[in-house]
Amino acid sequence: MPPPPPPPPPPPLLLLILLLVMQIVGGGVRLASAAATPPGQLHSRNDTGTRNSAANSSIGVLLLSASSDQVVIDNGLLQVAISLPGGDVTGVQYNGLDNVLDVLNDDDNRGYWDVVWNLPGHDIIFDRVHGATYEIVSESSDQIEISFSRMWNISTNDIFVPMNIDKRYIFRSGCSGFYSYAIFNRPEGWPDIEMDQVRIVYKLREEKFHYMALSDDRQRFMPTARDRSTGLALAYPEAVLLTNPEDQEFRGEVDDKYQYSIENQYNRVHGWICDNPPTGFWMITPSDEFKTAGPVKQDLTSHVGPITLSMFVSTHYAGKEVGIKFSNVEAWSKVFGPVFVYLNSASPEDGSSSLWEDAKRQMYEEVNIWPYDFTACDDFPTAEQRGSVVGQLIVHDGYVSEQDMYGASAYVGLAAPGPAGSWQRENKGYQFWTRANKMGLFEIEKVRAGDYNLYAWVPGFIGDYKYDTNITITPGCSINLGTLVYKPPRHGPTLWEIGIPDRTAAEFFVPSPYPTLMNDLYTNNRKNRFRQYGLWDRYVDLYQEHDLIFTVGTDNYRKDWFYAQVTRNAGNTTYRATTFQIVFELEQVNDMSTYYLQLALASAMESDLQVRFNNASVEPAHFSTGAIGQDNAIARHGIHGLYWLYGIEVPSFQLHGGTNTIYLTQASAKNPFQGVMYDYIRLEGPPEA
Ligand SMILES: *[C@@H]1O[C@H](CO)[C@@H](O)[C@H](O)[C@H]1NC(C)=O
Ligand SMILES: *[C@@H]1O[C@H](CO)[C@@H](O)[C@H](O)[C@H]1NC(C)=O
Ligand SMILES: *[C@@H]1O[C@H](CO)[C@@H](O)[C@H](O)[C@H]1NC(C)=O
Ligand SMILES: *[C@@H]1O[C@H](CO)[C@@H](O)[C@H](O)[C@H]1NC(C)=O
Ligand SMILES: *[C@@H]1O[C@H](CO)[C@@H](O)[C@H](O)[C@H]1NC(C)=O
Ligand SMILES: *[C@@H]1O[C@H](CO)[C@@H](O)[C@H](O)[C@H]1NC(C)=O
């Protein structure tokens, strides 16, 4: 997480009053809100004697009214309409806008949850999750929580994912937004399934929301869905060249939703801004504990539509191997969220420029009060019901330093028990991660009770640490693990190395995009250049005659190592395998000894990486990864996908005094998106006595 927030600006009280006045003037709002209902006075109706009916209740400044097909919640700041009993958000009235959601869409296509799943070996099914039963699960003077649940039964097999799903919304008085989460559960005995995606989707009004913001340096005016439909689909349908946009400013740009992905650890707030009236719509994710596959898993955020997503489960940048697989002997339940939909506004004089800063301020506020103490969910523990773990991570690598080193900035996390590194594919439980400080000191707070392993990896070192004892978190526990020592894989002294072991290919050469295929957002943003479209094709431009040859000692990996080992476009939609060569000198080779090649990959897509020493054609190769990877990071502009580490034994007879060559052949070549990204390569000499 970024450092603690700056002090929040003064509360927008004036704004609030202005807002109320605007709503009154604007009409359309039932005035049974803040102004009309004396605070604290209870108007709860109990006429039906059940919490499972379309009753109306007005509590404090919150008003809930229900008709046969919708429930409307109004807290004086905003008014949200939700379909009955489906639980789709159909309307959000705010800041004089009678609906910020796309009114041209059907009711069930504006704000909804969906799941992508399949029976093993069968086609995938898109299941837009509609509730069957509506219920008010809690109400107090300043809060209402409502539930829309769907119980699965065998007669709905093949349509609905075999899962009981309870979608919840929480409205609070004085709160300019609403919370959303869902409880998924399935008992033993239900069919085997695979569930590859769970998300929330909001579709906003196209004529209103034009500016999108994901971070301080990733925000821009955006083209429209229509601009995409009149454009030219590129190598895959998500990437479109805008040839005839309404706003000529976008002509010739590429739009692709994957250019707006973010790692889980940094995905805290993103959304859209409307200029007139100045209004923001934000998805705030205070914690990534409920997301799958750990802190560096990347996913979609907001994109042309205008659309704002909250992705809980996906295979993006990882592949089907991180999709969730359930067998019928397994009971499971999980709470996804809560996430917070935040709306903000500014006066016309101030304009919309302050809205992103205010959204960040609100994000820090949500982060600070996480875990929320106001859900009516038995399976969402409050801070007191959670535990913490502290310790210090030390790195011992005698070939780097005789003295132990601090595990500076280490990623340290708790995830379901498994082998070292298994967290990057773990997808059924909760994960809790932190970054150690410069001295390797770490504290993982607010951890749900349960059994975990403690995992870590340290930027600057290869491999994965795992603490060898299981860790059981109990409510209120505070575990001090003391000093933990990580010994990264190492067999001998470094003879040479290429890159930085940080699980990305960002330090390598990222080419400029084709000038005719740019996203202007990244034109002057070197750090994010890898998000440009079509970079894979630049390889053949740069290496027309032969594949990449890297000479240790003279070449610089920042300029001379292409960020991805892609296939060679051989024309006529045919592709050829490529072979990168590493050329290096050895003064002498110790007979009857063993060298080691440490090969760390930052990504793999339908690849088979073969390694040969001093013989480009020996069969079988001296080493092969076999078929690996489905992360699609090349096509989707990730600078990494999943991490793969190979320690390859090199018997001394494969090397010789003088010039040696390592041939790295990516042998699977059917399309332009196959290939690997390297994280780091190191040749180690024989162990020193
Ligand atoms: C409201 O309804 C509940 C559930 O039937 C009942 O237990 C409770 O006594 C009622 N409260 C009032 C004030 O009537
Ligand atoms: C709830 O409120 C709506 C809108 O004000 C009204 O039409 C409906 O009759 C009310 N329902 C009940 C049960 O009072
Ligand atoms: C099964 O679910 C369907 C759809 O929700 C419902 O119509 C049906 O009544 C349910 N059957 C049983 C036996 O619960
Ligand atoms: C750790 O937990 C896992 C999963 O519950 C279990 O399989 C394993 O045996 C445990 N290991 C130890 C050392 O207790
Ligand atoms: C591509 O295919 C066409 C038609 O089969 C053929 O004439 C042409 O020579 C091919 N070009 C290349 C570079 O192989
Ligand atoms: C490379 O390996 C092949 C197959 O083992 C062998 O026939 C060939 O002589 C080797 N080439 C060199 C230069 O050693």
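Numbering of residues begins at 1 and proceeds along the displayed sequence. Indexing begins at 1, ligand by ligand and atom by atom, following the structure's order.
A donor-acceptor pair under 3.5 Å is formed between the side chain of Y399 and the backbone N or O of E688.
Within the 4.0 angstrom cut-off, atom 14 (O) of ligand 4 has one or more protein heavy-atom neighbours. For atom 2 (O) of ligand 6, the protein comes within 4.0 Å by at least one heavy atom. Not a single protein heavy atom sits closer than 4.0 Å to atom 9 (O) of ligand 6.
Aromatic ring centres of W370 and Y372 lie closer together than 6.0 Å. When ring centroids are compared, F580 and F550 stay outside the 6.0 Å threshold. No close placement of the W152 and F160 rings is indicated, their centers lying 6.0 Å or farther apart.
Sorted by first then second residue, the ring pair (Phe, Tyr, Trp, His ring centres under 6.0 Å) pairs that include residues 660-689, not counting sequence neighbours, are Y236-F673, W536-F673, W561-Y678.
At the top of the distance list for atom 5 (O) of ligand 6, counting protein heavy atoms only, stands V618 CG2, 3.8 Å.
By heavy-atom distance, the residue among I471, N470, N453 lying nearest atom 6 (C) of ligand 4 is N470.
In terms of the side chain to side chain contact (heavy atoms under 4.5 Å, CB included) criterion, residue partners of N267 (sequence neighbours excluded) are, by chain and number, I262, H270, T285, K291, T301.
When heavy-atom distances to ligand 6 are checked against a 4.0 Å cut-off, N615 comes that close only through its side chain, counted from C-beta outward.
Close approach of ligand 4 to P417 (heavy-atom distance below 4.0 Å) involves ligand atoms 2 (O), 3 (C), 4 (C).
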